[in-house]
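Structure record follows, encoded as structure tokens.
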2 protein chains.
Amino acid sequence: MARQREFDREKALDAAMHLFWEKGFEAASLSDLTSRMGIQRPSIYSTFGDKKGLFEAALRKYTSAHAAYVRANLQNNSSVKEAFRAFFENIVAKEYGKSPNWGCFCINSMVELSPHDEKFEILTREHQMYLSVIFQETIERGLRSGELESGINAKRLAQTLVVSLIGLTVFMKSRPERLFVDNSVKEILTLLR
Amino acid sequence: MARQREFDREKALDAAMHLFWEKGFEAASLSDLTSRMGIQRPSIYSTFGDKKGLFEAALRKYTSAHAAYVRANLQNNSSVKEAFRAFFENIVAKEYGKSPNWGCFCINSMVELSPHDEKFEILTREHQMYLSVIFQETIERGLRSGELESGINAKRLAQTLVVSLIGLTVFMKSRPERLFVDNSVKEILTLLR
DNA sequence: GTTATAACATACTGATTGGTATGAAATTAT
DNA sequence: ATAATTTCATACCAATCAGTATGTTATAAC
């Protein structure tokens with residue numbers, strides 16, 4: 001018994017996600033958002049509450065898609081070492097393919113908002129914890145199959161790979177020589193022995 | 001033949017540095033800055049040009065102090081392995097000591113500004129390159145003394161430690177369980193064999 | 001003491017910020 | 001068709017933004 005919505009909520013949210021990803025929370029203005037989302041200001045407020053609410057919805061959309069991407073990538077390959085190698089090299093290749101490099105929306109948000117807003121501190125941390133679990137399960141698969149040495153501490157190594165991934169992603173935002181990054185990936189992967 | 005400046009340029013710059021460190025470039029307003037620096041708006045503009053100029057001066061002050069800190073820390077210890085262990089553990093302990101955790105000003109700036117401003121892309125990248133050189137020199141000292149295995153690639157390992165340090169610093173902003181970070185540090189340090 | 005110069009504090013600028021009030025248009029139940 | 005309801009576009013709000021114009025105050029050269 002009312003007028004039907006004219007815009008696609010998910011498409012609009014996707015546009016907001018990309019803008020926040022590029023610019024961060026502060027630098028993305030409502031004017032930017034309305035033009036990129038293709039909707040008017042009151043539609044944003046009625047649908048997402050306020051700017052922070054929209055940001056949170058966008059970040060949640062990103063993290064769930066990102067987790068699915070990581071999971072699919074690591075399950076893709078029967079060899080665990082090869083899976084991690086391809087995963088890291090893909091990320092490097094992808095980031096060097098586009099210019100400029102916006103990095104990871106979740107990591108960007110961790111840097112910008114975590115110390116100022118507990119909600120985002122938790123949200124961004126939990127995503128990294130989730131990635132760590134995916135990594136750990138993959139490593140444990142390699143232990144079971146005998147591909148990895150039994151002396152490996154799966155949890156500890158998974159945590160280290162998460163930290164390394166964050167470091168790589170952030171550092172690539174400053175566009176260092178690719179050799180620097182490639183070297184680091186090689187060295188990190190030696191931990192999978 | 002003119003009135004003398006009433007404020008201490010370095011003290012004012014130091015206050016600006018800490019505000020930008022906490023809030024980032026966008027979120028730190030001129031009103032914030034004037035009140036924290038203890039000077040008036042025109043003094044900022046006459047001394048530092050504009051907001052970006054002030055930010056750049058603050059970041060340069062930070063990076064040079066940070067580089068000196070890192071250098072001093074690693075030269076402090078005759079054992080290279082011990083020096084890196086103490087260095088990483090100090091950083092972790094320091095970050096967990098204070099709440100909230102503002103991370104590293106240079107890394108924060110890399111995330112916020114590098115993709116949007118080439119000047120800061122270069123400035124932040126060069127600082128990481130400089131840290132990498134310090135790390136490399138320290139590793140080479142360990143190779144010469146025989147403390148480290150001769151098979152180690154000093155440059156590659158130094159680059160990896162830089163990436164790991166970035167990852168740790170960023171991740172700690174989300175205040176993960178300390179065990180997570182401690183585990184990562186232990187695992188990373190196994191690369192120094 | 002006079003004059004030139006630079007730093008000072010105050011107050012202001014136009015533009016932009018996040019957020020909202022208002023009324024028209026559209027849809028469905030009755 | 002009418003009434004009820006929700007979305008829409010437009011226009012607006014006070015507050016804040018980065019940056020500056022202006023006039024006063026202090027200093028140094030002469």
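- For the pair B:R41 and B:Y45, the cation-pi criterion (under 6.0 Å, within 45° of the ring axis) is not fulfilled.
- Across the protein-nucleic acid pair, A:M37 atom CE and D:dT7 atom C1' stand 15 Å apart, rounded to whole Å.
- For B:Y69 and B:Y62, the ring centers sit 6.0 Å or farther from each other.
- No contact: B:A27 has no heavy atom under 4.0 Å from any strand.
- Summarising the geometry, the separation between NZ on B:K51 and P on D:dT20 is reported as 14 Å, rounded to the nearest angstrom.
- C:dT13 atom P lies 17 Å from atom OH of B:Y45, rounded to whole Å.
- Distance, A:F48 CZ to D:dT7 P: 13 Å, rounded to whole Å.
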request  = Determine, step by step, whether B:R71 and B:Y130 satisfy the side-chain hydrogen bond (donor to acceptor under 3.5 Å, both in side chains) criterion, reporting the C-alpha distance in whole Å, the side-chain angles of both residues, the deciding distance to 0.1 Å, and the verdict.
outcome  = CA-CA 10 Å; B:R71 187 178 282 284; B:Y130 188 64; 2.9 Å; yes
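- Stacking of B:R156 on the aromatic ring of A:F180 is not recorded, the 6.0 Å distance cut-off and the 45° axial limit not both being met.
- At whole-Å resolution of the value, CD in A:E6 and C1' in C:dA25 are 9 Å apart.
- In this entry the distance linking CG of A:L30 with P of D:dC13 reads 18 Å, nearest Å.
- When A:F120, A:W102, A:F55 are each tested for a ring pair (Phe, Tyr, Trp, His ring centres under 6.0 Å) with A:F20, only one passes: A:F55.
- Place A:I39 and B:D50 on DNA chain D by their nearest nucleotides, and A:I39 ends up nearer the 5' end.
- For the OP1/OP2 pair of D:dT6 and a distance below 4.0 Å, the side-chain nitrogens and oxygens of A:S46 include no atom meeting the criterion.
- We find that CZ of A:F25 is positioned 9 Å from C1' of C:dG18, with the value rounded to whole Å.
- Applying the 4.0 Å criterion to OP1 and OP2 of C:dA7, one finds that B:S43 has every side-chain N and O outside that range.
- Within the structure, every side-chain polar atom (N or O) of B:S31 is placed at least 4.0 Å from both OP1 and OP2 of D:dT16.
- Listed nucleotides C:dA9, C:dC8, C:dG19 differ in distance to B:Q40; the shortest reach to its side chain belongs to C:dA9.
- A donor N or O paired with an acceptor N or O is found under 3.5 Å between the base of D:dA18 and the side-chain atoms of B:R41.
- In this structure, A:R5 atom CZ and C:dA26 atom P are separated by 18 Å, rounded to whole Å.
- Between A:D32 and B:P42, it is B:P42 whose nearest contact on DNA chain C lies nearer the 5' terminus.
- Side-chain N/O atoms of B:S29 include none lying less than 4.0 angstrom from OP1 or OP2 on D:dT16.
- Residue B:Q4 places at least one side-chain N or O closer than 4.0 Å to OP1 or OP2 of D:dT27.
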